[in-house]
Amino acid sequence: MEKWTPKHEAPEPLEGPVVATITGGTILWFVLFLAQLPFYGWFADHGHTWWVWTPLAGAGLGLIGIWYVRGRDAALKRHAEAEAKAGTATPPGGATGSTAVS
């Protein structure tokens, strides 16, 4: 079996408003939890209480995600500032060209 080799360069990673996206998703999960809370009795009667707790779990994981992406953004900014002071333009991963995934 031959080893797979890419036929073109890997595209640059997409960067966007990651913190805002994760924060919006976390708020949405929490709103879904609050919207279902008044119907807890119906969900309990039909054996579907996991429908209520799933959005709460999503909101909790979203809080962890917000913490993570805020730290990631801060680290990327610190790295960019350090590179600007040093006068080099190495990407955060340390690669200087396109990398092939093997």
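Remark: R72 engages E15 in a salt bridge (charged side-chain N to carboxylate O under 4.0 Å, His left out) (not counting sequence neighbours). Evaluation of the ring-ring contact (aromatic ring centres under 6.0 Å, His included) rule for H46 yields W42 as partners, not counting sequence neighbours.
When hydrophobic side chains of Ile, Leu, Val, Met, Phe, Trp and Tyr are connected at separations under 4.5 Å, I27 ends up clustered with V31.
Counting non-hydrogen atoms of neighbouring residues, nucleotides and ligands closer than 6.0 angstrom, the CZ atom of F43 exceeds 12 such neighbours.
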Would you tabulate the side-chain donor-acceptor contacts of residues 48-67 under 3.5 Å, counting partners in other chains and residues two or more places apart, or write 'none'?
from	atom 1	to	atom 2	distance (Å)
T54	OG1	W50	O	2.6

Show the atom names and distances, to 0.1 Å, of all donor-acceptor pairs under 3.5 Å that link a side chain in residues 16-23 to residues at least two apart or in another chain.
from	atom 1	to	atom 2	distance (Å)
T21	OG1	P17	O	2.8
T23	OG1	V19	O	2.7

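Between the CG atom of L34 and the CH2 atom of W29 there is a distance of 13.5 Å, given to the nearest 0.5 Å. One distance of note links CG of D45 with OH of Y40; it measures 10.5 Å at 0.5 Å rounding.
Identified under the salt bridge (charged side-chain N to carboxylate O under 4.0 Å, His left out) test for residues 20-39, with sequence neighbours left out: none.
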